[in-house]
Amino acid sequence: MAKDISTRAEDYSQWYNDLVYKAGLADTSAVRGCMVIKPHGYALWENMRDVLDKMFKDTGHVNAYFPLFVPKSLFEAEEKNAEGFAKECAIVTHYRLKADPNRPGKLMADPEAKLEEELIVRPTSEAIIWNTYRDWIQSYRDLPILINQWANVVRWEMRTRPFLRTAEFLWQEGHTAHASKADAMKEALQMHDVYTQFAEEYMAMPVIKGAKSENERFAGADDTFTIEAMMQDGKALQAGTSHYLGQNFAKAFNVKFLNTENKEEYVYATSWGVSTRLIGALVMTHSDDDGLILPPKLAPIQVVIIPIPKPSEAIDLIAEKMMTELKSKGIKVIYDRDEKNRPGFKFAEYELKGVPVRIGIGARDIENGVVEIARRDTKEKSSIKIENTVEHTIQLLDDIQNNLFKRAKELRERNTHIVDDWDSFVKILEETPGFIYAHWDGTSETEKAIKEKTKATIRCIPLDAPEENGKCILTGNPSNRRVLFAKAY
RNA sequence: CGGGGCGUAGCGCAGUCCGGUUAGCGCACCUGCUUUGGGAGCAGGGGGUCGAGAGUUCGAAUCCCUCCGCCCCGACCA
């Protein structure tokens with residue numbers, strides 16, 4: 001076990017917190033509920049962002065940027081959305097500070113500088129964006145609009161956890177406008193697929209694709225599509241959502257277009273987003289009691305070369321040649337010739353940080369014409385001939401990526417249950433948390449009752465679930481397909 | 001916002017009940033020497049308005065009051 005990190009078995013959530021801080025992903029900050037994303041954590045985000053950004057561009061989207069503040073009157077316009085977020089909004093009421101006459105050296109909001117209209121710090125940008133789209137759209141020829149923005153948003157959460165739920169977080173939000181329901185629905189489903197592909201291919205995190213029930217749906221959406229991942233403690237984590245917004249925002253902001261028949265029609269909309277929460281998902285999907293385990297495709301450092309016991313001319317020569325070759329193959333590699341720390345310390349440190357592959361080079365190895373290559377996911381070590389190192393490393397990175405996905409999928413399958421009676425349902429949720437496929441009668445009341453009794457929610461109505469007649473797990477009313485229940489983050 | 005806990009060096013803590021040397025320990029940090037194939041050892045050294053304010057007292061980290069902050073558990077949530 002790594003120094004000063006709780007084990008998963010002892011205390012899963014403490015393990016997560018320890019890892020985030022000890023591995024240098026984030027730090028606490030002076031602002032309640034907000035964290036500092038440290039370089040190692042931010043590098044992960046940059047890698048995620050770069051891959052996603054390319055996927056968005058490849059599907060025809062462009063980036064733009066809209067204001068941080070939303071005038072209250074705009075925010076109110078789409079009622080359901082406003083209601084959904086009202087309880088967690090930060091509000092700007094003043095635009096100036098002044099010296100506090102009662103407390104020397106202190107400042108106060110200047111009562112003379114009260115804003116005529118209060119500004120909401122965006123919890124999401126539909127309002128400000130649709131207010132803008134109104135001016136951009138006259139005819140079907142202006143559609144579709146396919147815009148994404150990379151931004152920060154603020155949701156004043158009562159309880160926060162690093163990456164998983166913070167008051168301010170980074171994300172991307174796509175906001176598209178279409179001339180037909182079919183086009184908008186196609187867009188929402190396409191982005192749902194993009195997120196799925198990203199989660200599985202890059203994060204090595206298997207997900208269940210599905211639609212949200214009415215209770216869990218984004219406020220203001222007609223349909224919300226989600227990808228749900230299982231963390232190592234069996235709890236579900238919503239990793240990305242894509243919304244079909246229908247004409248709700250178009251109606252609220254009066255965004256109409258002339259269709260090909262010269263008739264006015266409200267525009268159809270989607271929005272979709274993933275956030276820095278994905279970093280939390282990555283940590284909880286793969287890591288172990290020794291530290292982070294990062295999938296090679298997103299790891300800020302993929303390979304570290306460590307001289308044993310310390311740099312020498314002979315080691316430098318081999319290491320530098322190896323680095324050049326690996327870099328030429330697009331591998332992110334560093335050579336740690338820092339003499340402050342001994343090899344053992346470095347081994348532990350890079351394991352903590354999740355570097356997928358470690359190459360150790362010592363005098364003994366050089367005599368034998370080999371290096372020692374260790375993989376982070378299984379901690380296996382092997383001696384590889386120096387001339388085969390580059391080829392072996394590239395293959396190994398690929399193996400690790402695949403193994404992580406396989407391992408995560410096996411964990412999910414081990415902890416997924418098909419349940420038909422209430423007693424087993426309750427028992428499983430209490431004793432062996434995981435995913436449960438069960439019948440549900442389709443009503444909000446039943447969903448709420450189940451949540452109250454067990455704390456489990458409907459994570460999604462899986463898109464690929466086969467039609468199957470059955471009886472609701474709680475009420476016994478008829479149901480024609482199973483839905484996915486779990487306790488969630 | 002309710003219930004509980006905690007603020008003492010960068011981090012983790014002891015000391016607080018029962019007031020009394022110069023506030024201490026581990027890790028980290030700095031210097032030097034010896035080490036070096038899985039988190040090195042020894043020696044020396046630096047670092048504190050004891051969360052803030054006000055009070056009781058000859059004397060307060062310790063007792064009283066007020067305030068602030070953080071963490072955990074609930075309700076809410078990506």
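Scope of the values below: all heavy atoms of this structure, side chains included, with no hydrogens, waters or symmetry mates. Chain letters run A, B, ... following the sequence lines, proteins first and then strands; every chain starts at 1.
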| Between B/G38, B/C76, B/A78, which one does the side chain of A/K87 approach most closely? | B/C76
| Just checking A/Y489: base, sugar-phosphate only, or nothing, at a heavy-atom cut-off of under 4.0 Å? | nothing
| said: Distance check, C1' atoms only: B/C17 and B/C30, in whole angstrom units. | reply: 39 Å
| Counting only N and O atoms by type, is there a donor-acceptor contact under 3.5 Å from the side chain of A/W15 to the main-chain atoms of A/D288? | yes
| query | In whole angstrom, what separates A/N341's CG from B/C27's P? | reply | 16 Å
| field | Partner residues of A/D377 under the salt bridge (Lys or Arg N to Asp or Glu O under 4.0 Å) criterion, sequence neighbours left out | value | A/R375
| query | For B/C25, what is the paired nucleotide under Watson-Crick or G-U wobble rules, both distances under 3.5 Å? | reply | B/G12
| query | At under 4.0 Å between heavy atoms, what does A/E339 touch on the DNA or RNA strands: base, sugar-phosphate, or nothing? | reply | nothing
| said: Under 4.0 Å, counting only non-hydrogen atoms across every strand here, what does A/L164 touch: a base, just sugar-phosphate, or nothing? | reply: base
| task | Give A/S312 one of three labels, base, sugar-phosphate or nothing, depending on what nucleic acid heavy atoms sit under 4.0 Å from its own. | result | nothing
| What is the base-pairing partner of B/U35, counting Watson-Crick and G-U wobble geometry with both distances under 3.5 Å? | none
| query | Going by the angle between their ring planes, with limits at 30° and 60°, are A/W130 and A/Y133 parallel, tilted or perpendicular? | reply | perpendicular
| query | Between atom NZ in A/K22 and atom C1' in B/C11, what is the gap in whole Å? | reply | 8 Å
| query | Which part of the nucleic acid does A/Q238 contact within heavy-atom distance under 4.0 Å: base, sugar-phosphate only, or nothing? | reply | sugar-phosphate
| said: Rounding to an integer number of Å, can you tell me how far A/I361 CD1 sits from B/U36 P? | reply: 20 Å
| field | salt bridge (Lys or Arg N to Asp or Glu O under 4.0 Å) against A/D365, all qualifying residues, sequence neighbours excluded | value | none
| Mate of B/C70 where both pairing distances stay under 3.5 Å, Watson-Crick or G-U | B/G5
| said: Of the options B/A78, B/G39, B/U36, whose atoms approach the side-chain atoms of A/E349 most closely? | reply: B/G39
| message | Let's test this: given Watson-Crick or G-U wobble pairing with both distances under 3.5 Å, identify the partner of B/A54. | response | none
| request: Find the partner of B/U49: check Watson-Crick (N1-N3 plus N6-O4 or O6-N4) and G-U wobble (N1-O2, O6-N3) distances, both under 3.5 Å, and reply none if neither fits. | output: none
| field | Under 4.0 Å protein heavy-atom contacts per nucleotide of nucleotides 3-10 of chain B, with B for base, S for backbone only and - for none | value | --------
| query | What residues, two or more places apart in sequence or in another chain, satisfy side chain to side chain contact (heavy atoms under 4.5 Å, CB included) together with A/N341? | reply | A/D338, A/F345, A/K346
| query | Considering only side-chain heavy atoms of A/S275, which listed nucleotide, B/A78, B/G37, B/G38, is closest? | reply | B/A78
| field | From B/A78, B/G38, B/U36, nucleotide with atom closest to A/A348 side chain | value | B/G38
| field | salt bridge (Lys or Arg N to Asp or Glu O under 4.0 Å) partners of A/K297, counting only residues at least two apart | value | none
| message | So that I know where these two stand, are A/F163 and A/F169 an aromatic pair - ring centroids less than 6.0 Å apart? | response | no
Side-chain atoms of residues 303-317 of chain A: list all donor-acceptor pairs with protein atoms under 3.5 Å, sequence neighbours left out, distances to 0.1 Å.
{"from": "A/S312", "atom 1": "OG", "to": "A/I315", "atom 2": "N", "distance (Å)": "3.2"}
{"from": "A/D316", "atom 1": "OD1", "to": "A/Y335", "atom 2": "OH", "distance (Å)": "2.5"}
{"from": "A/D316", "atom 1": "OD1", "to": "A/R337", "atom 2": "NE", "distance (Å)": "3.4"}
{"from": "A/D316", "atom 1": "OD2", "to": "A/R337", "atom 2": "NH2", "distance (Å)": "2.8"}

| Watson-Crick or G-U wobble mate for B/C17, both contacts under 3.5 Å | none
| task | Sort and list the pairs that fulfil ring pair (Phe, Tyr, Trp, His ring centres under 6.0 Å) and have at least one residue in residues 269-322 of chain A, not counting sequence neighbours. | result | A/F56-A/W272, A/H61-A/W272
| query | Roughly how many Å is it from CD in A/E216 to P in B/C76, rounded to a whole number? | reply | 11 Å
| request: Consider the side chain of A/R358, meaning its heavy atoms from C-beta on, and name the nucleotide among B/G39, B/A78, B/G38 that approaches it most closely. | output: B/G38
| note | Between A/F345 and A/A167, the residue closer to the 5' end of RNA chain B by nearest nucleotide is A/F345
| query | When all nucleic acid strands are considered with a 4.0 Å heavy-atom cut-off, which category describes A/K340: base, sugar-phosphate, or nothing? | reply | nothing
| query | With a distance cut-off below 6.0 Å to the six-membered ring centre and an angular limit of 45° from the axis, does A/R358 pair with A/F347 as a cation-pi contact? | reply | yes
Could you write out each protein N or O paired with an N or O of nucleotides 68-75 of chain B at a distance under 3.5 Å?
{"from": "B/C73", "atom 1": "OP2", "to": "A/R159", "atom 2": "NH1", "distance (Å)": "3.3"}
{"from": "B/C73", "atom 1": "OP2", "to": "A/R159", "atom 2": "NH2", "distance (Å)": "2.2"}

| message | For B/G44, give the paired nucleotide (Watson-Crick: N1-N3 plus N6-O4 or O6-N4; G-U: N1-O2 and O6-N3; both under 3.5 Å), or none. | response | B/C30
| query | Excluding sequence neighbours, so at least two apart, what forms side chain to side chain contact (heavy atoms under 4.5 Å, CB included) with A/E387? | reply | A/K385
| field | B/U8 and B/C25, which share atom name C1', separated by this distance in whole Å | value | 12 Å
| note | Nearest-nucleotide check on RNA chain B, A/K451 vs A/I308; residue mapping nearer the 5' end is A/I308
| query | What does A/A239 touch in the nucleic acid at a heavy-atom separation under 4.0 angstrom: a base, only the sugar-phosphate, or nothing? | reply | nothing
